[in-house]
Amino acid sequence: MSYQEFLEERDQIDYLIQQGYYMKNVNENLRGAFVEFELKEPDLSGKKSFTETLHIKNADARKYFSSLLIQQMKQAQ
């Protein structure tokens with residue numbers, strides 16, 4: 001895994017969070033982590049799916065979303 005792959009996966013995570021998504025579920029296995037995002041406040045513009053799933057393979061990107069998940073959990077308390 002290269003640094004470029006980390007940057008791409010980090011950017012995907014950041015993009016979803018900036019769009020108003022939060023991490024709802026994480027399923028990790030030997031192939032990486034599958035992170036399910038859900039839209040906090042659904043937009044009524046006709047979008048049918050309010051969930052997105054990212055397959056995070058890079059170890060550094062997995063650490064990155066883990067730190068964001070901890071922040072998200074602290075804010076929810």
Mind checking side chain to side chain donor-acceptor pair (under 3.5 Å) for Tyr15 and listing every partner two or more places apart, or none if nothing turns up?
-> none
Listed once per pair and sorted, the salt bridge (Lys or Arg N to Asp or Glu O under 4.0 Å) pairs that draw on residues 64-77, sequence neighbours left out | none
To the nearest 0.5 Å, what is the distance between OG1 (Thr51) and CZ (Phe37)?
-> 11.5 Å
Is there a side chain to side chain contact (heavy atoms under 4.5 Å, CB included) between Lys57 and Glu5 once you walk through the steps?
-> CA-CA 9 Å; Lys57 301 175 193 172; Glu5 290 170 326; over 6 Å; no
Partners of Phe34 by ring pair (Phe, Tyr, Trp, His ring centres under 6.0 Å), sequence neighbours excluded?
-> His55
To the nearest 0.5 angstrom, please state how far the CE atom of Met23 sits from the CD atom of Gln72.
-> 5.0 Å
Any residue meeting side chain to side chain contact (heavy atoms under 4.5 Å, CB included) with Asp60, in chain and number order, not counting sequence neighbours = Phe6, Asn58, Lys63
Tell me, please, which residues at least two apart from Asp14 pass side chain to side chain donor-acceptor pair (under 3.5 Å).
-> Tyr64
Are Leu16 and Met73 connected in the hydrophobic side-chain network, where two residues link if heavy atoms are under 4.5 Å apart?
-> yes
Got a second to check how far Leu69's CG is from Tyr22's OH, nearest 0.5 Å?
-> 12.0 Å
Test Ile13 against Leu68 for side chain to side chain contact (heavy atoms under 4.5 Å, CB included), laying out the working first.
-> CA-CA 10 Å; Ile13 294 166; Leu68 293 178; 3.8 Å; yes
Sorted by chain and number, sequence neighbours left out, side chain to side chain donor-acceptor pair (under 3.5 Å) with Lys24 holds for Glu38
Quick one: pull up CD in Gln12 and CD in Glu52 and give me the separation to the nearest 0.5 Å.
-> 10.5 Å
Under the criterion side-chain contact (heavy atoms from CB on, under 4.5 Å), which of Asn25, Val26, Asn27 is the partner of Val35?
-> Val26
Taken in chain and number order and not counting sequence neighbours, the residues that satisfy salt bridge (charged side-chain N to carboxylate O under 4.0 Å, His left out) with Glu28 are Arg62
What residues, two or more places apart in sequence or in another chain, satisfy side chain to side chain contact (heavy atoms under 4.5 Å, CB included) together with Leu7?
-> Tyr3, Gln4, Arg10
